[in-house]
There are 2 protein chains.
Amino acid sequence: MSKHRPRSPRRSPSRRRAAATCCAPLDALLDPRLFRALGDPTRIALLVRLARCRGPCSVGEAAACCAVDLSVVSRHLALLHDAGVLSARKKGRTVLYSVRYGELCRALRALADSIEACCPNGAARRRSKGECHE
Amino acid sequence: MSKHRPRSPRRSPSRRRAAATCCAPLDALLDPRLFRALGDPTRIALLVRLARCRGPCSVGEAAACCAVDLSVVSRHLALLHDAGVLSARKKGRTVLYSVRYGELCRALRALADSIEACCPNGAARRRSKGECHE
DNA sequence: ATTATATTTGCATAGTTGTGCAAATGAGCA
DNA sequence: TGCTCATTTGCACAACTATGCAAATATAAT
């Protein structure tokens, strides 16, 4: 997901082998940077706004959805961009942001799949409603 | 997502209308509380650990995955529980936490669906790779 | 009751984050 | 060149967060 990342030394090389195989992708998919980016109400509002725009949206236009300073909006959009949620394109003196629908959806679905794969009786994917004890 | 919540409205029947209708569910699905909970490396480590456990896991057991104080682990697990990511069950003097696989997956997929529905040419769902400009 | 184990809570603290304002940059236009 | 508009950056500050340690609670075992 995240665009350019300084490669965190998080994971230890041979961390737990036994029950690890199925959940291996989880580590990569569960990127705190993505979730942190989505963890702020103002940024969520901006993301929804961008999604509703159906197409590129300038910083000023995006700012219409929330009552914070324009500079704050600029920072939030940059952060969402860094997290890989938005793409940015410069057109003249304005910056056009748009939602990276495909990337975002793929990341979320991959995560869901990976989590599901860890579910004790997760083999019955997508079938019955109550496949997992919860 | 969040444990006790007024039942998010499913997908709108007529997908894509004036541009605003289709994204209505997004507001409900994009819950900052969930993402904030997943936005911390230690909590992610705990979640992965819990997923690997394949079944209930005590606070002490979960703590094995990260080098923070047990009290911190306790707080993180409580937070994940509040966010609806984990379920908790008390057994004697230990508390068993487990991943709410179903809820979590459903939330992520619903979110992916909802985002995709906002995509300008999102009608081609799941078909081609590059359905969306990004 | 006493002791031991599992978890939680109170408090202090260092670090991070969201915010506004003012100034700076950048890009088009007269 | 100046002028205007869109966006970003520097700075300060309040609020929040993650953390560790010590003490408190809860439950089980002796």
Side-chain angles (χ1 to χ4, degrees), chain A residues 2-6 8-10 30-50 53 55-83 85-98, chain B residues 2-3 30-50 53 55-83 85-98:
Chain A
S2 62
K3 274 212 316 146
H4 23 52
R5 189 127 76 101
S8 69
R10 275 254 148 266
L30 278 167
D31 181 5
R33 295 217 339 148
L34 169 63
F35 296 120
R36 202 172 263 284
L38 297 178
D40 178 79
T42 306
R43 281 194 292 271
I44 290 295
L46 284 168
L47 177 55
V48 171
R49 167 79 159 144
L50 269 274
C53 258
C57 216
S58 75
V59 176
E61 285 167 354
C65 72
C66 46
V68 296
D69 194 84
L70 203 70
S71 69
V72 173
V73 172
S74 171
R75 269 185 271 249
H76 278 313
L77 292 176
L79 193 153
L80 284 168
H81 176 252
D82 288 349
V85 176
L86 303 180
S87 66
R89 184 167 53 95
K90 202 159 187 188
K91 182 95 187 248
R93 57 188 158 184
T94 83
V95 177
L96 282 314
Y97 283 101
S98 24
Chain B
S2 59
K3 264 207 325 150
L30 278 167
D31 180 5
R33 290 207 354 138
L34 169 63
F35 296 119
R36 203 171 262 283
L38 297 178
D40 178 79
T42 306
R43 280 195 292 271
I44 290 295
L46 285 168
L47 177 55
V48 171
R49 167 78 161 143
L50 270 271
C53 258
C57 215
S58 75
V59 176
E61 286 167 351
C65 72
C66 45
V68 296
D69 196 84
L70 203 70
S71 68
V72 173
V73 172
S74 171
R75 269 185 271 248
H76 278 312
L77 293 175
L79 193 154
L80 284 168
H81 175 252
D82 287 350
V85 176
L86 304 179
S87 67
R89 184 167 52 95
K90 201 160 189 188
K91 181 94 187 252
R93 57 187 156 184
T94 85
V95 177
L96 284 311
Y97 283 101
S98 25

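Residue numbers begin at 1 in each chain, while the letters A, B, ... track the order of the sequences. Everything numeric here is computed off the predicted structure, so don't read it as measured data. Note that these values count all heavy atoms, side chains included, but never hydrogens, waters or copies made by symmetry.
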**Report entry** Whole angstrom value for the distance that separates C1' of dT8(D) from CG of D82(A)
**Finding:** 13 Å
Can you give me the N/O atom pairs linking the protein to nucleotides 1-5 of chain D at distances under 3.5 Å, or say none if there are none?
unit_1	atom_1	unit_2	atom_2	d
dT4(D)	O2	R93(A)	NH1	3.4
dC5(D)	O2	R93(A)	NH1	3.3

Report summary line: Contacts of P41(A) meeting side-chain contact (heavy atoms from CB on, under 4.5 Å) (sequence neighbours excluded), chain-then-number -> P32(B)
**Report entry** Residue list, side chain to side chain donor-acceptor pair (under 3.5 Å) with S71(A), at least two apart or on another chain
**Finding:** D69(A)
Query raised in the report: Starting at the 5' end of DNA chain C and moving along, which residue's nearest nucleotide shows up first, R43(A) or T94(A)?
Result: R43(A)
Query raised in the report: Roughly how many Å is it from CG in L77(A) to C1' in dA6(D), rounded to a whole number?
Result: 13 Å
Query - Reported CG-to-CG distance for the pair L38(A) and L34(B), which is rounded to 0.5 angstrom - result: 9.5 Å
Report summary line: Closest non-hydrogen atoms of C66(A) and T42(A), given as atom of the first, atom of the second and distance, are SG-CG2, 4.0 Å
Requested in this report: Rounded off to whole Å, could you give me the NZ-to-P distance for the K90(B) and dT27(D) pair?
Outcome: 5 Å
Query raised in the report: Given atom CG of L79(B) and atom C1' of dC16(D), what is their separation to the nearest angstrom?
Result: 13 Å
Query raised in the report: chain B on DNA chain C: first and last contacting nucleotide, 5' to 3', under 4.0 Å to a heavy atom?
Result: dA4(C) to dC11(C)
Query raised in the report: Of the non-hydrogen atoms in H81(A) and L86(A), which two are nearest, and what is the gap between them?
Result: CD2-O, 3.2 Å
Query - For the student: nearest non-hydrogen atoms of R49(A) and A64(A), plus distance - result: NH2-CB, 3.4 Å
Report task. Take the protein atom CG of L38(B) and the nucleotide atom P of dA18(D), then report the distance between them rounded to whole Å. Result -> 12 Å
Report task. Calculate the interatomic distance between R33(B) atom CZ and dC16(D) atom P; express it in whole Å. Result -> 15 Å
Requested in this report: Compare every heavy atom of H76(B) with every heavy atom of L46(B), then report the nearest pair and how far apart it is.
Outcome: CD1-CB, 3.6 Å
Query raised in the report: Looking at DNA chain C, which of residues 67-74 of chain A put a heavy atom within less than 4.0 Å of it?
Result: A67(A), V68(A), D69(A), S71(A), V72(A)
Query raised in the report: Excluding sequence neighbours, so at least two apart, what forms side-chain contact (heavy atoms from CB on, under 4.5 Å) with L79(A)?
Result: A37(A), R43(A)
Report summary line: Taking for R36(A) and for E61(A) the nucleotide of DNA chain D with the nearest heavy atom, the one nearer the 5' end belongs to E61(A)
Query raised in the report: Tell me: NE2 of H76(B) to C1' of dG20(D), nearest whole Å?
Result: 12 Å
Query - Non-neighbouring partners of A45(A) that pass side-chain contact (heavy atoms from CB on, under 4.5 Å), sequence neighbours left out - result: C65(A)
**Report entry** Short side-chain to backbone donor-acceptor contact, R33(B) and D82(B), under 3.5 Å
**Finding:** yes
Query - Spacing between F35(A) atom CZ and dT17(D) atom P, to the nearest angstrom - result: 18 Å
Report task. Could you list the residues that satisfy side-chain contact (heavy atoms from CB on, under 4.5 Å) with A78(A), not counting sequence neighbours? Result -> Y97(A)
